[in-house]
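To keep things clear, I will list the structure first and then write my remarks on it.
Each chain gets a letter, A, B and so on, in the order its sequence line appears, and its residues count up from 1.
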2 protein chains.
Amino acid sequence: MTDASAANEKRKRLPSEERREEFVQKAIEFFAEEGFDSSTRELAKRLGVTQPLLYRYFDSKDDLIAEVYKAVYVRRWRSEWDEMLADRTVPLRDRLVRFYHAYAMVVFQRDWMRIFLFAGLKGGAINRRYIDRVRDRILEPIIREYRHENGLFAGQVTDDETELAWSVHGGIYYYGVRTEIYGQIPIKDLNFVIETSIDSLLSGLDRFHEGTRRP
Amino acid sequence: MTDASAANEKRKRLPSEERREEFVQKAIEFFAEEGFDSSTRELAKRLGVTQPLLYRYFDSKDDLIAEVYKAVYVRRWRSEWDEMLADRTVPLRDRLVRFYHAYAMVVFQRDWMRIFLFAGLKGGAINRRYIDRVRDRILEPIIREYRHENGLFAGQVTDDETELAWSVHGGIYYYGVRTEIYGQIPIKDLNFVIETSIDSLLSGLDRFHEGTRRP
DNA sequence: GGGGCAAATTATCAATCGATAACTAAACAT
DNA sequence: ATGTTTAGTTATCGATTGATAATTTGCCCC
């Protein structure tokens, strides 16, 4: 009974593309749990294959990690999110609540969050790029929609507005960190956090624009 | 020219207690930057001593890491914080702004934050204990002070209030993560984030207690 | 049914890890 | 000065790491 037969009693031979994808998916789970410093041997064991086989599909460990990043950050980003935020047939508050539920469905996953933290501590550019994306595709669109719904001028988003949106976004995100990373038993459910946070954002923006609003 | 003479040209002999403390302080910097999986050899090199010397002061690597935790989480906690929050000669809003400035001075440090994240990902109990401490010593006292200042009944803090406080606290904390961990250039300064966050908290609490307030 | 290609394994290397034992040398007391 | 103590070093062990080369085994097609 060798190492490789531990997981799959009968050794299967899979086509290249399919196998590679299987490796990436398991690598996400594995690295999310054990960190990127964990060994390729341990990963291979969980895959039920031998360690050198990984090097037929990936040039190096770093190459495999890069694939993990792509699978998590690029492929899990949903293009529908932009449309949800832009759909003016729905009142803004409802739109924001629904968006954050959809966003949390993807981001508030143990593997997503842990990979994000591990990557951030490794110091690559991935997290910085992701943060820029959040600002450009989520926070600034939200502010533009707020201005439109309240009949305000449609100029450049101000630093005040962006920073407020970051604070509120961070508050929601931190709920995910507390529950998924630190294993805190949720005090109130996600819906409560999202609704109160959105209310904070909207009334905060109201405060910024007091006096500038049409009657 | 040996390894050990790289940092201190002349090998000095320090008393035991002093030496140990020096090792712990350098270990904080080192592990904060490189992670707990980094080698004791590399740490020793930065200390300008040989690696086995570490084992005269600490039983094992884990023992050294435990000392790092203690130095960061226990010893940097300031007992004055409780008094700042409880000082009713100062209006609550000012009190909270001042407290969060003092708190951020300690927590928004690259080493503090990185050690906290590394520790959280390792999964020990330290972070959970710290989170409990934040709730018991910061968030719930804030809510009790809010109730007092607004003449509300002084009963048990509700889940709604606690969760709102977590959201706002998380928003402020995330500002530190963005600037210290992800290297984001601050859009607005810390004071702006604290003031708007405190305003969000207070008006959020106001919304929870609408109608219950004395005239 | 056997030839050929690719999937997968066995074997192994050089580097690095945490930790221990044995040795050296600096500081202090007498 | 000399002996005792202990901070500090040298040397080394066994385990583990990422990666490569050589070998075996399953599968498809003619």
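Put simply, Tyr57(A) has a side-chain N or O that comes within less than 4.0 Å of OP1 or OP2 on dA8(C). Taking side-chain N and O atoms only, Arg19(B) has a distance below 4.0 Å to OP1 or OP2 of dG8(D). For dT9(C), neither phosphate oxygen OP1 nor OP2 lies less than 4.0 angstrom from any side-chain nitrogen or oxygen of Arg56(A).
Residues Met105(A) and His101(A) form no side-chain contact, since every pair of their non-hydrogen atoms from C-beta on lies 4.5 Å or further apart. Here the side chains of Lys45(B) and Thr40(B) are not in contact, with every heavy-atom distance at 4.5 Å or above.
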List, one per line, each side-chain donor-acceptor pair under 3.5 Å for residues 112-124 of chain B, sequence neighbours excluded.
unit_1: Arg114(B); atom_1: NE; unit_2: Ala32(B); atom_2: O; d: 2.5
unit_1: Arg114(B); atom_1: NH2; unit_2: Leu121(A); atom_2: O; d: 2.9
unit_1: Arg114(B); atom_1: NH2; unit_2: Glu33(B); atom_2: O; d: 3.1

Compile the donor-acceptor pairs under 3.5 Å between side chains in residues 165-172 of chain A and protein atoms, sequence neighbours left out, one pair per line.
unit_1: Ser167(A); atom_1: OG; unit_2: Glu163(A); atom_2: O; d: 3.4
unit_1: His169(A); atom_1: ND1; unit_2: Tyr100(A); atom_2: OH; d: 2.7

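In this entry the distance linking CD of Glu18(A) with P of dC27(D) reads 14 Å, nearest Å. Between Phe58(B) atom CZ and dG8(D) atom P the separation is 12 Å, expressed in whole Å. In this structure, CD of Glu34(B) is placed 16 Å from C1' of dT16(C), rounded to the nearest angstrom. Distance, Leu54(B) CG to dT9(D) P: 10 Å, rounded to whole Å. Between Leu53(B) atom CG and dT20(C) atom P there is a gap of 15 Å when expressed in whole angstrom units.
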Verdict with supporting geometry, Phe36(A) and Tyr69(A), ring pair (Phe, Tyr, Trp, His ring centres under 6.0 Å)
CA-CA 11 Å; Phe36(A) 292 122; Tyr69(A) 287 154; 5.6 Å; yes
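Outside the 6.0 Å centre-distance limit, the rings of Tyr174(A) and Tyr174(B) are not counted as a close aromatic pair.
Sorted by first and then second residue, the salt bridge (charged side-chain N to carboxylate O under 4.0 Å, His left out) pairs with a member in residues 179-191 of chain B read Asp160(A)-Lys188(B); sequence neighbours excluded.
With sequence neighbours left out, the side-chain contact (heavy atoms from CB on, under 4.5 Å) criterion links Asp82(A) to Trp77(A), Arg137(A).
Direction change of the helix axis from one end of the helix from dG1(C)-dC30(D) to dT30(C)-dA1(D) to the other is 0°, with five pairs defining each end axis (rounded to 10°).
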Might you list the N or O atoms of the protein lying below 3.5 Å from N or O atoms in nucleotides 17-21 of chain D, with each pair's distance?
unit_1: dT17(D); atom_1: OP1; unit_2: Ser39(A); atom_2: OG; d: 3.2
unit_1: dG18(D); atom_1: OP1; unit_2: Ser38(A); atom_2: O; d: 3.4
unit_1: dG18(D); atom_1: OP1; unit_2: Lys61(A); atom_2: NZ; d: 2.6
unit_1: dG18(D); atom_1: OP2; unit_2: Thr40(A); atom_2: N; d: 2.9
unit_1: dG18(D); atom_1: OP2; unit_2: Thr40(A); atom_2: OG1; d: 3.0
unit_1: dG18(D); atom_1: N7; unit_2: Arg41(A); atom_2: NH1; d: 2.8
unit_1: dG18(D); atom_1: O6; unit_2: Arg41(A); atom_2: NH2; d: 2.9
unit_1: dA19(D); atom_1: OP2; unit_2: Tyr55(A); atom_2: OH; d: 2.5
unit_1: dA19(D); atom_1: OP2; unit_2: Lys61(A); atom_2: N; d: 2.8
unit_1: dA19(D); atom_1: N7; unit_2: Gln51(A); atom_2: NE2; d: 2.9
unit_1: dA19(D); atom_1: N6; unit_2: Arg41(A); atom_2: NH2; d: 3.2
unit_1: dA19(D); atom_1: N6; unit_2: Gln51(A); atom_2: OE1; d: 3.0

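Remark: side-chain polar atoms of Asp63(A) are paired, donor with acceptor, to backbone N or O of Asp59(A) under 3.5 angstrom.
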